[in-house]
Amino acid sequence: MRIPAGHLKNIPTPFYFYDMELLSHTLSVISEATKDTPDFHVHYAIKANANPKILKAIAEAGFGADCVSGGEIKAAVAAGFPAGKIVFAGVGKNDDEIRLGLEIGISCFNVESLPELEVISQLAVHAGKTANVALRINPNVDAHTHEKITTGLNENKFGIAMEDTLTAIDRAKELPNINYTGLHFHIGSQITDLTVYRHLCQRINNLQEQLEEKEITTSSINVGGGLGIDYENPQDHPIPDFKNYFHLFRSHLQLRTGQTLHFELGRSVVAQCGSLIAKVLYVKKGHSKQFLILDAGFTELIRPAMYQAYHQIENINRPASNPSEHYDVVGPICESSDIFGKEVFLPVSERGDLIALHSAGAYGEIMSSTYNCRSLPKSYFSSDFE
Ligand code: LLP
């Protein structure tokens, strides 16, 4: 991504900077990769980044939305996503959120348990509406990713167990004001080993055969999100390999005639277009190391503290070819986990230098907090400086 360091120098830090050209390029690569398969529908997972300008750009590109709360449904509608392209997942949908979904006529509730199905039916009867329902099935596929972002294993809280699928479908068909439309899966996030998705396709193919034996018709399959990005080398891989990703489903998932296939991509759409920009407050020499103390901490970007995630760190005021040293790059929060990177090799840096933490467009700004009574970060866009 391009960062106009000169333009940013007078903006109070820390803040998020988004490269809108990269976002728009990413969106067109996705559209291009799915254009020959009109039965493929991509929903952007709002949880990755709900910045209104980002949402608007994605809605304008014709994508649907994947929401996990009433707040996300409202943000999606405000940004222009049509209700008919909104799907709603989450293990703990509350009554108000379900009512909101019914009221605006979202395309589908991704239901995660039998008790939830019963409640949606009751509320739909009360509202005089019919809820389209996909059942989220837990396929017990190991996503080979960080334990905190694995969702498709038997031990996870998500979805209905594979062996309970038929019971759940039978119940969905019995309940009033429920329209069983399909099956939903989501096995985890930051998945870089695509063979994991082949396993998912096999599970779905087997399940479909079992359902057909019982003459159950399923009109939609939703394979969730999870496609990973290259955190190590964002400059060389600013856009994930969407072509291969969609091709995998085209070749391995046996879709039936008339069936639609839905995707819920979050990180892969927005991660590379955002960076957190912070300022060096102090260069501090410790006993055996030196620290770059930034004015951003885990309140602005929690991924390193929470998932031991790597984000590439760059001093955008000094060329990488300058003499360099090792620094522990840390934030100002009063907790020892407030570290962005250890022993990071950076050009010799000084108070006031701008530091970019790259690949932070997904699960960055949206996960920021006011801990320590700090302010939430602002955001700026490449289009502001044109
Ligand atoms: N669909 C469902 C049902 C999900 O739970 C998620 C993400 C997605 C789609 C989008 O997944 P993506 O394409 O972005 O991988 N905060 C963590 C990631 C949590 C992901 C939660 N679910 C992180 O910073 O790595």
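Here, residue 1 is the first one in the sequence, and each next residue gets the next number. Indexing begins at 1, ligand by ligand and atom by atom, following the structure's order.
Using a 4.0 Å cut-off between heavy atoms, D66 contacts ligand 1 through its side chain alone, with no backbone atom that close. Residue-level proximity to ligand 1 for M306 is absent, since no heavy atom of it falls below 4.0 angstrom. Only the side chain of H186 comes within 4.0 Å of ligand 1, judged by heavy-atom distances. Heavy atoms of A45 found under 4.0 angstrom from ligand 1 belong exclusively to the side chain. Counting heavy atoms closer than 4.0 Å to ligand 1, residue Y307 contributes side-chain atoms (C-beta onward) but none from N, CA, C or O. Using a 4.0 Å cut-off between heavy atoms, R303 contacts ligand 1 through its side chain alone, with no backbone atom that close.
Less than 4.0 angstrom separates some heavy atom of M367 from each of these atoms of ligand 1: 16 (N). Of all atoms in ligand 1, listed by their number and element, those nearer than 4.0 Å to a heavy atom of G266 are 12 (P), 13 (O), 14 (O). Within ligand 1, the atoms closer than 4.0 Å to a non-hydrogen atom of G225 are 9 (C), 13 (O), numbered from 1 in the order shown. Each of the following atoms of ligand 1 lies closer than 4.0 Å to a heavy atom of G226: 11 (O), 12 (P), 13 (O), 15 (O).
An N or O contact shorter than 3.5 Å links Y363 to ligand 1 by distance. Considering backbone and side-chain N/O of H184, none are found under 3.5 Å from N/O of ligand 1. The shortest N or O to N or O distance between R136 and ligand 1 is not under 3.5 Å.
For the residue pair D328 and Q290, no side-chain donor N or O sits within less than 3.5 Å of a side-chain acceptor on the partner. For the 3.5 Å distance criterion, the side chains of N233 and D236 qualify, holding a donor opposite an acceptor.
Ring orientation note: the planes of F249 and F263 are nearly perpendicular, at an angle over 60° on the 30°/60° scale. Ring planes of Y197 and Y245: perpendicular class, angle over 60° (limits at 30 and 60°).
Salt-bridge formation is not detected for the pair R99/E103: no Lys NZ or Arg NE/NH1/NH2 atom is positioned less than 4.0 Å from an Asp or Glu carboxylate oxygen. Between E32 and K243 there is no salt bridge, since none of the side-chain N atoms of the basic residue sits less than 4.0 Å from a carboxylate O of the acidic one. Here E72 does not pair with K47 in a salt bridge; the nearest charged N to carboxylate O distance is not below 4.0 Å.
Hydrophobic cluster membership of L376, counting Ile, Leu, Val, Met, Phe, Trp and Tyr whose side-chain heavy atoms lie under 4.5 Å apart directly or via other members: none, as it forms a cluster of its own.
For residues 56-76, there are no ring-ring contact (aromatic ring centres under 6.0 Å, His included) pairs, not counting sequence neighbours.
Of the candidates K47, H43, E264, the one placing a heavy atom closest to atom 21 (C) of ligand 1 is K47.
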